[in-house]
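Worksheet: one structure, shown below.
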There are 2 protein chains.
Amino acid sequence: MKNSADQAADGPRACFIAAGLEVLGERWALLALREMSLGVHRFDQIARNTGASRDILVGRLRTLESHGVIERVQYSERPPRYEYHLTTSGAEVAPILISLAAWSSTWMRDETPRASYRHSCGADLKPVVSCAECGDEFTPGSLMFGPLVSAAGTDSASEQ
Amino acid sequence: MKNSADQAADGPRACFIAAGLEVLGERWALLALREMSLGVHRFDQIARNTGASRDILVGRLRTLESHGVIERVQYSERPPRYEYHLTTSGAEVAPILISLAAWSSTWMRDETPRASYRHSCGADLKPVVSCAECGDEFTPGSLMFGPLVSAAGTDSASEQ
DNA sequence: CGAGTTAGTTGGAAAATCCAACTAACTCGG
DNA sequence: CCGAGTTAGTTGGATTTTCCAACTAACTCG
């Protein structure tokens with residue numbers, strides 16, 4: 001029997017991690033979303049706080065918008081000006097930012113002082129990721145392949 | 001009073017999200033880690049399964065190694081050949097991959113069939129992220145800035 | 001010996017990013 | 001009304017990163 005983790009005599013793995021990275025994995029995308037998560041919505045401020053060059057940032061914001069992750073909200077008529085806000089989809093990027101921040105603050109502690117994060121209860125960021133179904137914590141290694149899925153829902157008999 | 005989320009009259013925000021992205025945010029890095037998480041450890045296979053070009057992949061693996069995220073394990077003497085394995089730090093990237101996969105499988109469902117993921121209990125991937133301290137679930141918006149931190153530990157009186 | 005495997009390396013083309021300066025369309029103080 | 005300031009971009013050209021296909025090295029196996 002073929003172990004599904006080996007795969008790919010064909011092409012690269014088409015999986016949801018790869019798909020997510022196509023949208024969120026481009027440079028500056030997650031940092032722009034971080035800003036909006038923290039309540040910063042204006043172009044200039046996002047550019048300043050992320051360090052992205054303005055031309056690239058325009059591109060990213062347009063891509064994120066076209067994928068429905070953020071939306072432009074007009075806040076001035078004359079001249080027409082827009083703010084960038086998270087959609088529901090964008091707000092749900094938070095767990096990714098949280099895990100990233102948590103990993104980083106555990107493993108990337110060098111001399112440079114950096115802003116840390118915390119939960120709204122006041123505690124230091126220590127997220128626990130658990131399975132909604134069985135309630136057990138996700139341990140490294142408890143991530144496994146499921147079936148192939150497309151628009152319709154659970155689809156196609158995985159592989160034979 | 002100055003809202004800490006506005007920040008940056010100075011430079012870009014130095015935070016742990018940005019720091020983490022410096023290591024994990026480069027192209028192919030997370031996909032390479034995905035492979036190792038799933039038990040694929042050989043160069044050729046990682047290259048094939050991710051789709052990364054071999055030269056770039058070599059660079060990424062070296063970077064990840066130099067940051068202690070992965071390590072090379074010799075599996076052949078003659079010729080000397082190495083496998084790539086996750087370190088503890090690397091294994092703890094799993095929550096990031098999990099949140100990414102979960103976000104993506106919720107929001108990126110188009111026609112293309114993709115491999116989904118599941119928890120080892122067999123259930124579809126539905127991770128819940130909660131605060132280790134208070135136990136409450138992280139909701140979008142419950143991520144906030146904490147103090148500045150450097151190597152020593154909790155450090156510097158944030159800002160004045 | 002010749003074919004196959006594995007992990008790279010190489011050179012040159014293509015794409016993405018950076019940067020500083022510039023534009024457009026306004027507001028506001030004097 | 002004029003000149004300075006604000007905001008959100010756009011532009012052109014340099015720099016960096018990535019891609020790609022082919023090539024090498026050091027073996028093993030039949």
Side-chain angles (χ1 to χ4, degrees), chain A residues 5-13 18 21-33 35-36 39-67 70-85, chain B residues 5-13 18 21-33 35-36 39-67 70-85:
Chain A
D6 291 349
Q7 95 113 208
D10 22 322
R13 255 189 236 287
L21 287 172
E22 247 151 71
V23 177
L24 305 180
E26 290 182 300
R27 205 172 270 183
W28 307 117
L30 282 175
L31 291 185
L33 294 174
E35 288 306 308
M36 296 175 223
V40 174
H41 303 286
R42 300 274 169 96
F43 182 86
D44 269 26
Q45 199 105 65
I46 295 171
R48 241 187 293 281
N49 290 356
T50 57
S53 25
R54 314 169 67 76
D55 51 349
I56 302 302
L57 186 58
V58 171
R60 282 303 166 276
L61 294 171
R62 296 290 174 274
T63 303
L64 290 171
E65 193 191 2
S66 78
H67 284 277
I70 63 175
E71 60 193 349
R72 300 209 292 165
V73 178
Q74 191 159 29
Y75 73 90
S76 151
E77 284 269 331
R78 350 219 50 255
R81 296 235 180 281
Y82 301 86
E83 289 185 327
Y84 296 93
H85 283 263
Chain B
D6 290 351
Q7 97 113 209
D10 22 323
R13 254 188 238 287
L21 286 173
E22 247 151 69
V23 177
L24 305 179
E26 291 181 299
R27 206 171 271 185
W28 307 115
L30 282 175
L31 291 185
L33 295 173
E35 289 305 308
M36 296 174 224
V40 173
H41 305 286
R42 301 275 169 96
F43 182 85
D44 268 27
Q45 199 104 65
I46 296 172
R48 241 186 293 282
N49 290 355
T50 57
S53 27
R54 314 169 66 77
D55 53 348
I56 301 303
L57 185 58
V58 171
R60 281 304 166 275
L61 294 171
R62 296 288 174 274
T63 304
L64 291 171
E65 192 190 3
S66 79
H67 283 277
I70 62 175
E71 60 192 348
R72 298 209 292 165
V73 178
Q74 192 161 27
Y75 73 90
S76 151
E77 284 270 329
R78 352 220 45 258
R81 295 238 179 282
Y82 301 86
E83 290 185 326
Y84 296 94
H85 284 263

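Below, chains carry the letters A, B, ... as their sequence lines are ordered, and counting in each starts from 1.
Under the side chain to side chain donor-acceptor pair (under 3.5 Å) criterion, B:E83 pairs with B:R42, B:H85, sequence neighbours left out. With sequence neighbours excluded, no residue forms a side chain to side chain donor-acceptor pair (under 3.5 Å) with B:R72.
If you find the closest nucleotide of DNA chain C to B:R42 and to B:R27, the one lying nearer the 5' end belongs to B:R42.
A pairwise comparison of heavy atoms in A:L57 and A:A32 identifies CD1-CB, 4.3 Å as the closest pair. A pairwise comparison of heavy atoms in A:A47 and A:R54 identifies CB-NH1, 4.5 Å as the closest pair. For the residue pair B:I46 and B:T50, the shortest heavy atom distance occurs at O-OG1, 2.7 Å.
Helical stems in DNA chain D, defined as runs of 3 or more consecutive Watson-Crick or G-U wobble pairs with both donor-acceptor distances under 3.5 Å, are listed by first residue as C:1-30 with D:1-30.
Think of the region where chain A sits on DNA chain C: with heavy atoms and a 4.0 Å cut, that region ends 5' and 3' at C:dT17 to C:dT27.
In the displayed structure, B:Q74 atom CD is contacted under 6.0 Å by more than 12 heavy atoms of other residues, nucleotides or ligands.
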For a quick test of your reading: what N or O donor-acceptor pairs under 3.5 Å do the side chains of residues 58-65 of chain B make, sequence neighbours left out?
residue, atom, partner, partner atom, Å
B:R60, NE, B:R27, O, 2.8
B:R62, NH1, B:Y84, OH, 3.1
B:T63, OG1, B:G59, O, 3.0

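Among the protein residues, B:R78 comes within range of the sugar-phosphate backbone only, with heavy atoms under 4.0 Å from sugar or phosphate atoms but none that close to a base.
For the contact set between residues 53-62 of chain B and DNA chain D, defined by any heavy atom under 4.0 Å, the members are B:S53, B:D55, B:I56, B:R60.
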message: Run the side-chain contact (heavy atoms from CB on, under 4.5 Å) test on B:H67 and B:E22 for me, step by step, so that the C-alpha distance in whole Å, both residues' side-chain angles and the decisive distance to 0.1 Å come before the verdict.
response: CA-CA 11 Å; B:H67 283 277; B:E22 247 151 69; over 6 Å; no

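Here B:E35 contributes atom CD and B:L30 contributes atom CG; the two are 12.0 Å apart, rounded to the nearest 0.5 Å.
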